[in-house]
Amino acid sequence: DVKVTQSSRYLVKRTGEKVFLECVQDMDHENMFWYRQDPGLGLRLIYFSYDVKMKEKGDIPEGYSVSREKKERFSLILESASTNQTSMYLCASSPLGQANYGYTFGSGTRLTVV
Amino acid sequence: AQTVTQSQPEMSVQEAETVTLSCTYDTSENNYYLFWYKQPPSRQMILVIRQEAYKQQNATENRFSVNFQKAAKSFSLKISDSQLGDTAMYFCAFMKPREYSGGGADGLTFGKGTHLIIQP
């Protein structure tokens with residue numbers, strides 16, 4: 001069964017902390033994505049990557065960075081967590097050049113910043 | 001930029017009824033893909049159905065079918081014989097394929113979602 005795994009289901013962090021959200025996929029997909037999901041706002045793209053060490057900004061990259069050192073792993077970094085980054089974070093992956101595939105999603109990490 | 005609009009924030013129907021969720025989108029592209037995703041309380045986003053814009057025939061997957069109206073830029077989801085397990089958030093999504101190889105990724109643009117509640 002193909003899988004996208006997010007390391008934490010729930011996370012509570014303090015304001016100002018550096019936070020790492022990890023995502024691993026076992027499908028050898030080239031593309032990986034980080035979204036945040038908020039009620040009434042749907043899913044908004046933070047960053048994506050289509051190759052190792054490649055990254056591109058999505059719609060709301062401010063306050064975030066990413067790292068992709070290996071094909072299977074895509075990390076989202078909150079350099080200095082703030083309360084407005086309290087949200088659900090979803091990781092997804094897809095194969096390059098197969099637009100009809102859509103995405104495979106992880107189960108999400110609910111992050112609370114206090 | 002593409003936009004996806006789901007005009008129904010929440011819907012509630014009785015079990016076994018048929019329900020239709022609406023979705024409209026705005027694009028100047030001719031070649032694209034449309035998807036419906038389901039997100040149950042477990043939070044796992046699951047692909048329900050996909051439609052390729054160049055195909056006129058509406059996609060169907062068991063109890064799920066779409067009404068794709070390309071000229072009207074409409075992509076509604078019909079759920080027949082609804083079941084309690086259909087209770088979830090449903091997201092409509094649009095994908096424009098990359099224009100060239102070697103750069104970028106095929107990105108999905110999502111609507112804000114419809115919360116569907118199936119009542120026993």
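These numbers were taken from a predicted model, which means no experiment stands behind them. Just so we're on the same page: letters track the sequence lines, and every chain starts at 1. All values below come from the heavy atoms of this structure, side chains included, with hydrogens, waters and symmetry mates left out.
The pair B/Glu52-B/Lys55 meets the salt-bridge criterion, since a charged nitrogen lies less than 4.0 angstrom from a carboxylate oxygen. Under 4.0 Å is where a charged nitrogen must lie from a carboxylate oxygen, and between A/Lys53 and A/Asp51 no such pair does.
Across all their heavy atoms, A/Arg68 and A/Val52 have their closest contact at O-CG1, 3.6 Å.
With a threshold of 4.5 angstrom between heavy atoms, B/Arg43 approaches chain A through its backbone and through its side chain. Using a 4.5 Å cut-off between heavy atoms, A/Arg110 touches chain B through backbone and side chain atoms alike. In this structure, chain B has heavy atoms under 4.5 Å from both the backbone and the side chain of A/Leu43. Interface residue A/Met88: only side-chain heavy atoms are found under 4.5 Å from chain B. Residue contact with chain A, scored on non-hydrogen atoms closer than 4.5 Å, involves the side chain of B/Tyr37 exclusively. If you measure heavy-atom distances from B/Gln39 to chain A, the contacts under 4.5 Å come from the side chain alone. With a 4.5 angstrom heavy-atom cutoff, A/Gln37 touches chain B only via side-chain atoms.
Taking the six-membered ring for Trp and thresholds of 30 and 60 degrees, A/Tyr35 and A/Tyr103 have ring planes inclined between 30 and 60 degrees apart.
In terms of heavy-atom pairs under 4.5 angstrom with chain B, the leader among A/Gly40, A/Gly42, A/Ser107 is A/Ser107.
Between A/Glu22 and A/Phe20, the closest side-chain pair of non-hydrogen atoms falls below 4.5 Å.
Here the rule is side chain to side chain contact (heavy atoms under 4.5 Å, CB included) with A/Gln85, and of A/Thr112, A/Leu78, A/Thr15 only A/Leu78 fits it.
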